Protein chains: 2
Amino acid sequence: MTQLVLVVEDDDMIRELIEIYLNKNGYEVITAADGEEAMEKFTLYSPCLVLLDLMLPKASGEDVCQWIREQERNEVSLIMITAKTSSDQKIKGLKMGADDYVTKPFSPNELMARVEAVLRRGGQFCQKINHRGLVIKPRKGEVLLNGRKIQLTKYEFNLLFYFMENPNLVLTREQLVQQIHPYAESDILDRTIDAHIKKLREKIESVPSKPARIVTVRGMGYQFVP
Amino acid sequence: MTQLVLVVEDDDMIRELIEIYLNKNGYEVITAADGEEAMEKFTLYSPCLVLLDLMLPKASGEDVCQWIREQERNEVSLIMITAKTSSDQKIKGLKMGADDYVTKPFSPNELMARVEAVLRRGGQFCQKINHRGLVIKPRKGEVLLNGRKIQLTKYEFNLLFYFMENPNLVLTREQLVQQIHPYAESDILDRTIDAHIKKLREKIESVPSKPARIVTVRGMGYQFVP
DNA sequence: TATCCTTTGTCAACACTTTGTCACACATTC
DNA sequence: GAATGTGTGACAAAGTGTTGACAAAGGATA
């Protein structure tokens, strides 16, 4: 069962690069270079995943994204590709209905990892991840704790999303930094991550000083336990 | 690294046949004849793959399948075996979380091919290594002894991982130091390794003073015997 | 078997590393 | 420009690692 991916990207180089990598990883690929073509190809082929650049000729990525979601095709997953620009673009993207986002420039490996993750989550069911009363809705940028909505900052949201995508895995601080600053070889300190974790814990743990959800694994990193 | 397969099948003939074939192909096999035994053996041994007959005494294959998925989602592959042949059943099985499906009667070669395929697919990342009731899950930073989780420090964990990756090899103290401090020409003393080994033994040996897993090879180093 | 020498086991003190927490400066958003 | 979010360094607290001294065990020799 090979999976079909639609790549919407106006830059020929990048589009072909993505195509090559997707092929190498066993996906079938169709491409579109602008918004109109994207919508055509989408109706024609019904891909299970769309990689969508936000900056497009003819119809903006936002339009395409919204259009896709209007098709009531919740069975399609969507990963946005955004330029570096403002960092809260990401949240906007997720709110618009993307399942994940990648910022340019990205490494092909990072992109592939996200593709795998999104598809593993199972496309049609990925509107929310739910672990023990903690619900995150990537497409809405919303987090519920025991039914009550809680307010997270961008980075807290990103971290939590990443944790909930990878439950039970030990995530190193390095990985977490990557998640927060996907571009640039950032020299973010470990303490920064710790600080974010602390704030996250205050919001999602019932006893923040005895964390039960985000536990620290000494010498290794942190781990989300459902 | 030999892989551990749990075969759950109530028909003795078929179970033994499968076992023989798996052994011939280099797998280690444990078996269960009913649903309850299957769950027991599963927690005890954490196999990499389960071959599961759907028609079982005591707890149906469906129940066991679901239960297994609740325990470990991504760390174990699952192939269903059934007499039922409707393709509708097959879909159900796959939805329930099986990675593949075999209908009786099947040829042993077909089964082996599917086993290989499923393990190849699921095993890119080393999810766990299993030796005689001792299971290490590198990505989760977890160690199970007879199904019970035990707590190791970073270096203990690294050492044990290295040992379990290289069973039956005599590892010199020098190699072990390398493993603990991969960079930097550290001038760690032998006694340091011994100390770590002692602590490890206290945690994983049933009689720490008579170690059966990590044995010392006088004048050479230590050896992990499965 | 008694003796000697080498290797390994054990332990607790101490040094060191890792993590939690905080206040503050800087950045961003509205 | 007020409010909020984010990164940083300092310090405290907790947890681990290393070491050296000594005991015990194993091997060799005669």
Side-chain angles (χ1 to χ4, degrees), chain A residues 84-92 95 141 143 150-160 170-205 207-223, chain B residues 141 150-160 170-174 176-205 207-223:
Chain A
K84 195 167 158 182
T85 64
S86 85
S87 55
D88 87 321
Q89 191 85 29
K90 301 170 205 164
I91 288 291
K92 261 194 202 154
K95 276 196 175 143
V143 178
I150 60 178
Q151 214 55 44
L152 298 188
T153 70
K154 278 180 294 223
Y155 293 170
E156 288 162 9
F157 186 90
N158 286 344
L159 280 181
L160 183 60
V170 177
L171 304 175
T172 64
R173 289 185 177 69
E174 205 176 346
Q175 287 175 292
L176 296 170
V177 168
Q178 275 299 315
Q179 197 58 20
I180 288 187
H181 297 280
Y183 35 86
E185 43 270 44
S186 49
D187 43 358
I188 298 292
L189 304 185
D190 286 0
R191 229 88 325 275
T192 301
I193 293 300
D194 294 356
H196 282 302
I197 295 285
K198 172 182 158 51
K199 287 176 197 146
L200 243 184
R201 280 172 171 167
E202 270 165 10
K203 294 183 181 180
I204 68 169
E205 298 281 3
V207 186
S209 60
K210 294 252 182 305
R213 299 190 133 105
I214 298 180
V215 303
T216 115
V217 182
R218 192 157 236 273
M220 314 222 171
Y222 295 96
Q223 181 184 36
Chain B
I150 61 179
Q151 213 58 42
L152 299 188
T153 71
K154 182 167 72 167
Y155 292 173
E156 289 162 9
F157 188 90
N158 287 346
L159 281 180
L160 182 59
V170 178
L171 303 174
T172 65
R173 288 185 177 70
E174 203 176 347
L176 296 170
V177 168
Q178 275 299 315
Q179 200 57 23
I180 287 187
H181 298 280
Y183 343 91
E185 43 269 44
S186 48
D187 43 359
I188 298 293
L189 304 184
D190 285 2
R191 229 87 327 271
T192 301
I193 293 300
D194 294 357
H196 283 302
I197 296 285
K198 171 182 157 51
K199 288 177 197 148
L200 242 184
R201 281 173 170 166
E202 269 167 10
K203 294 181 181 179
I204 68 170
E205 298 282 2
V207 185
S209 59
K210 293 256 183 303
R213 299 190 134 105
I214 297 179
V215 303
T216 113
V217 181
R218 192 155 234 274
M220 314 233 163
Y222 295 96
Q223 179 186 34

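Note that these values count all heavy atoms, side chains included, but never hydrogens, waters or copies made by symmetry. In this text, all values refer to a predicted model and were calculated from it rather than measured experimentally. Here is the naming used below: chain letters follow the sequence lines, and residue numbers restart at 1 for every chain.
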Indicate yes or no for a side-chain donor-acceptor contact from [X] to the backbone of [Y] under 3.5 Å, with no hydrogens or angles considered.
| X | Y | result |
| --- | --- | --- |
| A:Lys203 | A:Gln151 | yes |
| A:Glu205 | A:Lys210 | no |
| B:Glu156 | B:His196 | no |

Interatomic distance, [X] [atom1] vs [N] [atom2] [rounded to whole Å]:
| X | N | atom1 | atom2 | value |
| --- | --- | --- | --- | --- |
| A:Leu200 | D:dT6 | CG | P | 11 Å |
| B:Gln223 | C:dT8 | CD | P | 14 Å |
| B:Ile197 | C:dT7 | CD1 | C1' | 15 Å |
| A:Asp190 | D:dA10 | CG | C1' | 15 Å |
| A:Asp194 | D:dG9 | CG | C1' | 13 Å |

Could you give the distance from CG (B:Leu200) to CZ (B:Phe157), rounded to the nearest 0.5 Å? 11.0 Å
Find the distance between CD1 (B:Ile180) and OG1 (B:Thr192) and round it off to the nearest 0.5 Å. 8.5 Å
B/S/- contact track for nucleotides 15-21 of chain D, protein heavy atom under 4.0 Å: SSSBBBB
Using a heavy-atom cut-off of under 4.0 Å over every strand shown, decide if B:Val217 touches base, sugar-phosphate, or nothing. sugar-phosphate
For A:Tyr222 and C:dG20, is the shortest distance between a side-chain N/O and OP1 or OP2 below 4.0 Å? yes
Within the structure, does a side-chain N or O atom of A:Arg201 lie under 4.0 Å from either OP1 or OP2 of C:dT21? no
B:Ile193 side chain reached by B:Tyr222 side chain, heavy atoms, under 4.5 Å: yes
Mapping B:Lys198 and B:Arg173 to their closest nucleotides on DNA chain C, which lands nearer the 5' end? B:Arg173
